[in-house]
Novice: 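Questions regarding the structure given below will be posed in turn.
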There are 2 protein chains.
Amino acid sequence: MAEAYYMQLTRQLREQLRYGGATWVDEVGRLPAERVLAERFNTTRVTLRQALAQLEGEGKIHRSNRRGWFVSPKRLEYDPTRDAGFNDYVTAQGRTPRTEVLGVTTATCPAAASALGLDVNHPLYHIRRRRYVDERAVLVESLWVVPEQAPGLLQERFDHSLWGLLRERWQLELSHRSIRMVSEALQQDDASELGVATGTAGLNISRTIFDTRHRPIEYDEEHWLHDALSIRVELSNTT
Amino acid sequence: MAEAYYMQLTRQLREQLRYGGATWVDEVGRLPAERVLAERFNTTRVTLRQALAQLEGEGKIHRSNRRGWFVSPKRLEYDPTRDAGFNDYVTAQGRTPRTEVLGVTTATCPAAASALGLDVNHPLYHIRRRRYVDERAVLVESLWVVPEQAPGLLQERFDHSLWGLLRERWQLELSHRSIRMVSEALQQDDASELGVATGTAGLNISRTIFDTRHRPIEYDEEHWLHDALSIRVELSNTT
DNA sequence: CAGTGGTCTAGACCACCCA
DNA sequence: GGGTGGTCTAGACCACTGT
């Protein structure tokens with residue numbers, strides 16, 4: 001086969017997005033309707049959508065559920081090993097952060113409890129947040145904190161760094177951390193909170209945190225849009 | 001809408017894969033042909049393929065180009081901050097590693113050179129390898145080594161740890177490392193070397209390595225199948 | 001209500017893999 | 001050469017978003 005037409009389409013669209021200014025992209029980065037693009041490139045919606053899906057996989061464009069396709073902004077650089085707050089590192093990159101607290105409860109979570117080495121029925125503080133970069137929702141996260149380590153935590157506000165709070169108010173020293181990163185397809189709840197279709201490619205980042213005395217402190221799970229971040233870790237010691 | 005049919009399909013297939021032993025999966029983990037599955041679930045290939053694509057995004061199944069769909073094996077746990085060799089950590093997890101050297105040359109690479117802080121035309125040793133876990137090709141990688149730091153390197157064999165080689169033969173101490181991880185769509189060359197379709201979801205892991213005197217040593221870029229690995233980093237010092 | 005993406009049909013032909 | 005996935009057509013209806 002010479003080359004699948006949808007791959008040629010992909011290349012054309014990609015190049016027009018990068019150079020050319022792509023006159024057909026409007027001022028907020030929105031692409032024309034699929035039907036319009038399909039007609040312009042003399043093909044059907046199915047084939048056009050294959051090309052769009054390719055670019056989506058590359059992180060060049062993304063879709064907002066039933067609203068249309070948009071050019072994806074530059075990826076955020078993120079170092080999950082540092083405890084700089086989200087607000088800090090987003091601002092440091094010249095972007096605008098925002099955090100929404102979706103829920104604050106006490107509940108049990110077998111996955112979190114077992115990661116922390118506790119009984120699966122051990123109650124935990126649960127905080128759920130949604131975070132934005134330049135008003136685009138890029139991640140939802142669930143934080144599970146061991147109540148004994150930070151009594152009264154749920155009275156606090158959670159629109160800033162949780163780790164900063166734990167350090168200042170409860171003098172907790174976050175020492176050992178175990179971090180796990182795995183690609184995923186966003187499940188229904190996470191996807192709808194991010195305004196994307198179920199199954200959209202995502203990245204799951206989970207941390208388990210212990211203090212200097214190896215007591216379990218916190219477990220958290222972040223679900224990112226895959227095209228929103230680039231992970232960067234700097235290490236200096238030899239292992 | 002109640003629920004899209006392909007999502008119901010996805011759920012059924014997922015559950016049958018997890019429990020039930022899925023009698024329709026053969027002994028090597030291969031699924032029946034798309035046409036057969038489509039007929040069995042009373043739908044068309046297009047809709048069935050949507051369901052398969054969902055499971056592919058979840059890392060449950062994968063396809064080998066034009067050969068069929070297969071159940072994905074367990075993800076490999078991988079810590080990119082350690083310099084344990086591929087052979088070592090794959091074996092430690094009870095799996096069987098294999099490395100194929102695809103090419104050994106001297107060439108220029110602007111991306112590698114600039115990451116190392118060298119002139120873009122600075123020649124570098126280039127080693128390209130393909131690596132397998134249990135005979136499944138899971139990644140291709142390009143290694144770019146600064147020739148001045150390891151003269152004669154290209155005479156060596158590269159089916160084992162490069163870092164081990166640099167340490168033993170040239171007494172190089174790998175100190176500072178900058179690691180970057182980003183989701184990607186596998187490009188034509190990488191995809192075909194892995195036997196998958198262009199655009200298949202992948203994970204790109206790049207490292208830039210300096211020695212204790214901050215001299216650039218090596219830059220490498222790994223392209224993994226997204227469902228083949230789970231990244232895990234353990235940290236003990238506070239930052 | 002108009003426009004958008006999301007889903008789905010019922011076919012077709014082609015390129016590649018393997019026996 | 002038979003079977004597989006890969007690509008593509010030309011439609012259709014639906015659900016949701018925004019005005």
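Everything quoted here is computed from the prediction, not taken from an experiment. Per chain, numbering begins at 1; letters A, B, ... match sequence-line order. These values consider heavy atoms only, across backbone and side chains, with no hydrogens, waters or symmetry-generated copies.
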Novice: Give the intermediate values and the outcome of salt bridge (charged side-chain N to carboxylate O under 4.0 Å, His left out) for residues Asp227(B) and Arg136(B).
Specialist: CA-CA 12 Å; Asp227(B) 68 347; Arg136(B) 178 189 183 201; 3.0 Å; yes

Novice: Counting C-beta onward and ignoring hydrogens, is there a side-chain heavy-atom pair between Leu55(A) and Arg14(A) closer than 4.5 Å?
Specialist: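 Of all side-chain heavy-atom pairs linking Arg14(A) with Leu55(A), at least one is under 4.5 Å.
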
Novice: side-chain contact (heavy atoms from CB on, under 4.5 Å), that's the test. Do Val138(B) and Leu76(B) meet it? Break it down for me.
Specialist: CA-CA 10 Å; Val138(B) 294; Leu76(B) 188 71; 5.8 Å; no

Novice: Rounded to whole angstrom units, what separation is found between the CZ atom of Arg63(A) and the C1' atom of dC16(D)?
Specialist: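 One finds 15 Å between C1' of dC16(D) and CZ of Arg63(A), rounded.
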
Novice: Return the set of residues passing ring-ring contact (aromatic ring centres under 6.0 Å, His included) with Tyr78(B) (not counting sequence neighbours), or none when no residue passes.
Specialist: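 For Tyr78(B), the residues satisfying ring-ring contact (aromatic ring centres under 6.0 Å, His included) (neighbours in sequence not counted) are Tyr89(B), Trp224(B).
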
Novice: Please state how far atom CG in Asn42(B) lies from atom P in dC8(C), giving the value in whole angstrom units.
Specialist: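 Rounding to the nearest Å, CG of Asn42(B) and P of dC8(C) are 13 Å apart.
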
Novice: For His226(A), does its backbone N or O pair with a side-chain atom of Arg75(A) as donor and acceptor, under 3.5 Å?
Specialist: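 Looks like yes, one N/O pair under 3.5 Å.
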
Novice: Scan nucleotides 17-19 of chain D against the protein and return all N/O pairs shorter than 3.5 Å with their distances rounded to 0.1 Å.
Specialist:
| from | atom 1 | to | atom 2 | distance (Å) |
| --- | --- | --- | --- | --- |
| dG18(D) | OP1 | Arg67(A) | NH1 | 3.4 |

Novice: Rounded to whole Å, how long is the line connecting atom CE of Met7(A) with atom C1' of dC8(D)?
Specialist: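 It is 16 Å, rounded to the nearest whole Å.
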
Novice: Look at the side chain of Arg35(B) and the base of dG5(D), then say whether one donor and one acceptor between them are separated by less than 3.5 Å.
Specialist: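 Side chain to base: pair present.
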
Novice: Verify the distance criterion only: is there a donor paired with an acceptor across the side chains of Glu34(B) and Trp69(B) at less than 3.5 Å?
Specialist: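 A donor-acceptor contact under 3.5 Å links the two side chains.
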
Novice: Round to a whole Å and report the spacing from CD of Glu3(B) to P of dC14(D).
Specialist: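 To the nearest whole Å, that distance equals 18 Å.
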
Novice: Could you check whether atom CD of Glu39(A) has more than 12 heavy atoms from other residues, nucleotides or ligands sitting under 6.0 Å from it?
Specialist: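 Count not over threshold, so no.
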
Novice: Got a sec? Which of residues 43-55 of chain B come in under 4.0 Å of DNA chain C, heavy atoms?
Specialist: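 The answer is Thr43(B), Thr44(B), Arg45(B), Val46(B), Thr47(B), Gln50(B).
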
Novice: Just how far, in rounded Å, is C1' of dC14(C) from OH of Tyr5(A)?
Specialist: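 From Tyr5(A) OH to dC14(C) C1': 18 Å.
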
Novice: Grab the CG-C1' distance between Leu31(B) and dT4(D) for me, whole Å please.
Specialist: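 So the CG-C1' distance, Leu31(B) to dT4(D), works out to 13 Å.
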
Novice: Leu37(A) has an atom CG; how far is it from atom P of dG3(C), in whole Å?
Specialist: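 Atom CG in Leu37(A) sits about 17 Å away from atom P in dG3(C).
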
Novice: Which residues, if any, of residues 185-200 of chain B bring a heavy atom under 4.0 Å of DNA chain D?
Specialist: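 Of all residues in residues 185-200 of chain B, none places a heavy atom under 4.0 Å from DNA chain D.
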
Novice: side-chain hydrogen bond (donor to acceptor under 3.5 Å, both in side chains) between His126(A) and Ser142(A): does it pass, once the steps are laid out?
Specialist: CA-CA 7 Å; His126(A) 178 211; Ser142(A) 278; 3.0 Å; yes

Novice: For residues 191-208 of chain A, which residue pairs pass the salt bridge (charged side-chain N to carboxylate O under 4.0 Å, His left out) check, not counting sequence neighbours?
Specialist: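 Every salt bridge (charged side-chain N to carboxylate O under 4.0 Å, His left out) pair that includes a residue of residues 191-208 of chain A, provided the two are not neighbours, is Arg128(A)-Glu193(A), Arg207(A)-Asp220(A), Arg207(A)-Glu222(A).
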
Novice: Take the protein atom NE2 of His62(B) and the nucleotide atom C1' of dG6(D), then report the distance between them rounded to whole Å.
Specialist: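 Between C1' of dG6(D) and NE2 of His62(B): 17 Å.
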
Novice: In chain order, what residues pass the salt bridge (Lys or Arg N to Asp or Glu O under 4.0 Å) check against Arg35(B), with sequence neighbours excluded?
Specialist: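 Testing Arg35(B) for salt bridge (Lys or Arg N to Asp or Glu O under 4.0 Å), a comparison that skips the adjacent residues, returns none.
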
Novice: Step through the shown structure and confirm whether more than 12 heavy atoms of other residues, nucleotides or ligands are within 6.0 Å of CD on Glu77(B).
Specialist: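 Yes, the 6.0 Å shell around CD holds more than 12 heavy atoms from other groups.
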
